[in-house]
Each structure stands twice: as C-alpha cells, then as structure tokens.
Amino acid sequence: MSLPDIVPPGVVTGDNLLALLTHAKDNGYAIPAFNCTSSSTANAAMEAARKFNSPVMIQVSNGGGAFYAGKGIKDPNNCAAGAVALAMHVRTMAPYYGIPVVLHSDHCAKKLLPWFDGMIAADEEYFKQYGEPLYSSHMLDLSEEPDEDNIAICAQYFERLVKMKIWLEMEIGITGGEEDGVNNEDVDPEKLYTSPEQVYAVYERLSKIGNMFSIAAAFGNVHGVYKPGNVTLQPERLGKHQAYAKEKLGSDSDKPIFLVMHGGSGSTDDEIKTAVENGVVKMNIDTDTQWAYWNGLREFEKDKHDYLQGQIGNPTGADKPNKKFYDPRVWVRKAEEAMIERCATSMEKLLCKGKYEAKVPEPGSLPLYGFKPKATGPVGMVKDALGL
C-alpha cells in the first residue's frame with residue numbers, strides 16, 4: 001500500500017505517525033528532520049516536502065525555542081513557549097502544503113528537563129482539547145548519564161507520553177561535537193560507538209511500556225561538519241544491533257528496532273545508505289541547512305551589493321530607490337530558496353523523495369487556522385500549560 005493511502009497530510013501523530021515510520025522502515029527510506037528556528041525555516045522545509053513529494057520532520061531544539069520566542073525574552077519559560085509557538089505555526093500551515101509533517105523536539109539533556117516538562121504540559125493541554133498532542137514526538141538525550149539512569153528516566157517519561165500516543169526518541173551512546181550548549185568535542189572516541197547490548201537494554205525496558213519509540217545509537221556520529229578523515233562513521237554497526245535484537249526476540253523481522261541518525265551533516269552517500277538499510281527511519285539535518293540558508297543570502301548580497309548600500313542610489317541612478325532589494329521579503333526568500341534545494345538533497349539521499357504525492361487542497365477549502373477553536377483558544381492553552 002502506498003504512503004498516501006495510509007497517512008493523511010498535515011501534522012501526523014499517534015497511529016498515523018506509527019504507520020508513517022513503519023512504512024519507512026519496511027520500505028527502506030528515512031525522513032529528514034530539519035532543525036527550525038523561525039517560521040521562515042519551517043516554511044522552507046515544508047515547501048521542500050511539497051515540491052519534492054516527501055514527508056518531513058520539523059524539529060526544534062531548546063535554543064531554537066528560545067530564539068523563536070525572541071531573544072529579548074528572558075522568562076524561564078521562553079524555550080517552552082517558543083517551542084509551542086513554532087508548533088502552532090506549523091499546525092496552522094501544514095495542511096496548506098499537503099504533505100505529512102512530524103513535529104518533533106530535539107536533544108534534551110538532563111539539565112534541560114524543565115523545557116521538556118513545559119512542552120509535555122502543552123501536549124497534555126492540547127490533548128485535553130483536541131484529542132491529540134501538540135507535538136508528534138519528543139527526544140530525551142540523557143546519553144551523558146549512566147546507562148541505568150538514562151533508561152530509567154526515559155521509561156518514567158515514556159509512561160506519561162504513551163497516554164497521548166507521543167513518540168519518544170532516546171539516545172544511548174554519545175554524539176560527538178558541540179550542539180546547543182552540549183559539548184562532546186573531547187569525549188573518549190570509544191563512547192561514540194554504542195554496543196548491541198546497550199541498544200537491546202533500551203528496547204527491552206521501553207517495549208514493556210509501548211511500541212512508539214526509537215533509539216539514537218551512536219556509531220561515530222558528530223554534530224557539525226569536519227574535514228574528511230576526522231570522523232569515522234560505522235553505520236554497519238546498526239545492522240549488528242538489529243541482528244542481536246532479532247535473535248533475542250525471536251523476531252521474524254530483520255529490523256525490529258526503529259533507529260535514528262544524528263550528526264548526519266557531511267556524511268557520505270554510502271554511509272547514509274547503509275544506515276537506512278539497517279533501520280534508520282529519521283536523520284537530523286541542521287548544519288547543512290544552516291549553511292544553505294546563509295549562502296542564499298550571501299549570494300544575493302554579492303549579486304546586488306551596489307543596490308544594498310543605501311535606501312536611495314544605485315548603478316541605475318543616484319535618485320533610484322532600493323526598497324525592492326533590501327525588503328526582508330526579498331532577501332529572506334533567497335535564503336529560503338537555497339534551503340529548499342538543500343532539503344531536496346537530503347530527501348534524495350534518504351530515498352524519501354517522491355514517496356508522498358502532495359495533496360494540496362483546493363484554494364479556499366481550508367479554514368483560516370489549523371485547529372478547532374475552543375473556549376480558551378491557543379493563547380489560553382499556552383498560558384494554562386505554562387502556568388501563567
């Protein structure tokens with residue numbers, strides 16, 4: 001059965017999300033998860049998905065949530081409020097793009113658990129009103145903690161998430177490099193490789209609670225882009241994790257575990273292909289799309305430099321206005337267009353391009369917002385969730 005027959009367009013949660021990721025695992029492709037820090041980057045990711053007929057994941061980090069809220073806001077709830085605001089934007093606009101969108105929160109270390117708690121509170125409030133959570137899935141990254149503590153805390157939170165059919169992504173083993181204030185640049189290289197026993201210990205514990213979870217097993221992954229040879233990815237290790245779990249479970253499936261890939265920027269096509277073949281259903285992309293977004297602006301400034309030095313005066317005349325060049329809607333769009341093309345590259349590498357023919361609605365057929373208004377409305381929902 002084709003993906004459009006089993007998964008609707010718009011934000012997907014619960015059973016639809018499970019169907020989407022199961023289809024990906026069974027059919028040998030993965031879904032790109034793009035870190036977004038603004039409505040502009042979120043729109044670019046969704047536009048790419050529509051243009052190239054692919055499901056997509058929009059994810060927000062703790063720092064991304066703070067930026068979305070506004071750097072001038074110093075309230076302790078800013079990261080959670082920003083994450084909620086991004087989710088409300090995506091929920092409002094996703095139906096217009098006609099493709100499945102997974103709303104996901106990225107790495108949450110132990111010190112960031114108040115942010116995680118705030119998002120779950122918003123999920124519960126949204127679930128109370130609309131019968132589904134605000135977010136499709138969340139990630140706990142407690143890989144810096146001892147394995148026993150990591151798994152125990154994940155299980156504790158998973159008990160809460162399963163009540164809303166929210167997917168849980170967890171990490172065991174460490175992703176190198178630095179991202180969002182977590183610096184693993186000097187970590188012991190051996191810790192960058194997770195063992196089959198570690199992965200199975202996670203599966204054994206979480207599967208007793210529910211089946212909507214995935215594991216980020218480290219196989220040499222590093223956040224960011226580094227010179228060739230500085231990073232040694234070993235995606236074939238993921239196959240060993242699957243084989244070990246299959247034997248322990250007596251499973252008929254060669255890929256009983258949902259796996260995800262972090263630190264994918266700069267990876268070779270063969271490394272990505274091997275990871276997907278071994279059960280990776282999601283790959284994070286951030287560094288490469290950051291560069292693409294900037295490069296779109298950089299190229300525009302280079303091309304139109306002489307039109308961007310003042311409000312009036314350019315090569316066509318000393319009294320000619322330049323508004324049509326410095327208008328943010330012009331240069332931000334150039335950044336978006338470059339990001340869209342880089343998103344397409346990820347979709348091609350992950351083999352999800354063309355998996356979902358976009359179901360763009362007839363003009364004027366959708367409501368003006370992607371939620372059903374109730375007494376409190378979205379503003380009241382956010383305030384209730386954050387205890388404001």
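In this text the structure is predicted, and so the values were computed from the model without any measurement. We're numbering straight along the sequence, starting at 1.
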Ignoring hydrogens and angles, write down the donor-acceptor pairs under 3.5 Å from the side chains of residues 202-216, residues two or more places apart or on other chains.
unit_1: Ser207; atom_1: OG; unit_2: Tyr203; atom_2: O; d: 2.7
unit_1: Ser207; atom_1: OG; unit_2: Glu204; atom_2: O; d: 3.4
unit_1: Ser214; atom_1: OG; unit_2: Trp167; atom_2: NE1; d: 2.9

Testing the 3.5 Å rule here: is there a donor-acceptor pair between the side chains of [X] and [Y]?
X	Y	result
Tyr356	Ser2	no
His138	Asp123	yes
Thr268	Glu271	yes
His89	Asn43	yes
Gln242	Asp254	no
Lys282	Asn284	yes
Asp306	Asn314	no

Exercise for the section: List the steps and the verdict of salt bridge (Lys or Arg N to Asp or Glu O under 4.0 Å) for Lys304 and Glu299. Expected result: CA-CA 9 Å; Lys304 303 299 182 184; Glu299 292 289 346; over 6 Å; no
Practice task
May I ask you to decide whether Glu236 forms a salt bridge with Lys240, counting only side-chain N to carboxylate O separations under 4.0 Å?
Solution key: no
Handout entry: NZ/NE/NH1/NH2 to OD/OE distance under 4.0 Å, Glu144 and Lys111
Key =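 Lys111 and Glu144: not salt-bridged.
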Does atom [atom1] of [X] have more than 12 heavy-atom neighbours from other groups under 6.0 Å away?
X	atom1	answer
Gln309	CD	yes
Phe67	CZ	no
Asp252	CG	no
Lys334	NZ	no

Practice task
Indicate the ring-plane relationship of Tyr200 and Tyr244, choosing parallel, tilted or perpendicular according to the 30° and 60° boundaries.
Solution key: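 Rings of Tyr200 and Tyr244: perpendicular, as their planes differ by over 60°.
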Return the minimal non-hydrogen interatomic distance between [X] and [Y], and the atom names on each side.
X	Y	answer
Ala19	Ile6	O-CD1, 4.3 Å
Phe219	Met261	CZ-CG, 3.7 Å
Ala121	Arg160	N-NH2, 4.4 Å
Phe116	Cys108	CB-SG, 3.6 Å
Leu142	Lys110	CD2-N, 3.5 Å
Ser137	His104	OG-ND1, 2.7 Å

Is a side-chain donor or acceptor of [X] paired with a backbone partner of [Y] at a separation under 3.5 angstrom?
X	Y	value
Gln59	Ser105	no
Asp141	Ala109	no
Lys353	Leu350	no
Asp288	Arg342	no
Asn53	Ala358	yes
Thr194	Ile172	yes
Ser136	Val102	no
Arg50	Gly98	no
Asn35	Asp286	no

Validation row: [X], [Y] side chains within 4.5 angstrom (heavy atoms):
X	Y	answer
Thr13	Ile166	no
Leu113	Tyr157	yes
Val7	Leu17	no
Ile99	Ser54	no
Met139	His262	yes
Ser40	Val332	yes
Met347	Pro32	yes
Leu140	Glu169	no

Practice task
Indicate, with yes or no, if the rings of Tyr29 and His23 have centres closer together than 6.0 Å.
Solution key: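 Yes; His23 has its ring centre under 6.0 Å from that of Tyr29.
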Exercise for the section: Output all residues satisfying ring-ring contact (aromatic ring centres under 6.0 Å, His included) with Phe127, sequence neighbours left out; order by chain, then residue number. Expected result: none
Could you list the residues that satisfy side chain to side chain contact (heavy atoms under 4.5 Å, CB included) with [X], not counting sequence neighbours?
X	answer
Pro361	Ser365, Leu366
Lys323	Tyr326, Asp327
Ala83	Val60, Trp115, Met119, Tyr135

Practice task
For Phe34 and Thr41, run side chain to side chain contact (heavy atoms under 4.5 Å, CB included): C-alpha distance rounded to whole Å, both residues' side-chain angles, the deciding distance at 0.1 Å, then the answer.
Solution key: CA-CA 9 Å; Phe34 300 109; Thr41 50; over 6 Å; no
Practice task
Check step by step if salt bridge (Lys or Arg N to Asp or Glu O under 4.0 Å) holds for Glu337 and Arg333.
Solution key: CA-CA 6 Å; Glu337 289 171 348; Arg333 181 57 183 167; 3.6 Å; yes
Practice task
Might you work through the side chain to side chain contact (heavy atoms under 4.5 Å, CB included) test for Thr289 and Ile285, ending with a clear yes or no?
Solution key: CA-CA 7 Å; Thr289 44; Ile285 300 101; 3.9 Å; yes
Problem - Steps toward side chain to side chain contact (heavy atoms under 4.5 Å, CB included) verdict (Met339, Gln290) - result: CA-CA 8 Å; Met339 180 174 166; Gln290 285 180 348; over 6 Å; no
Handout entry: Stepwise side chain to side chain contact (heavy atoms under 4.5 Å, CB included) check, Lys273 with Val276
Key = CA-CA 5 Å; Lys273 181 174 180 289; Val276 173; 6.0 Å; no
Problem - Result of checking Glu125, Glu132, Glu124 against Lys128 for salt bridge (Lys or Arg N to Asp or Glu O under 4.0 Å) - result: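 The option that passes is Glu125.
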Handout entry: Summary of salt bridge (charged side-chain N to carboxylate O under 4.0 Å, His left out) pairs that have at least one residue in residues 10-32, sequence neighbours excluded
Key =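 Those involving residues 10-32 are Asp15-Lys165.
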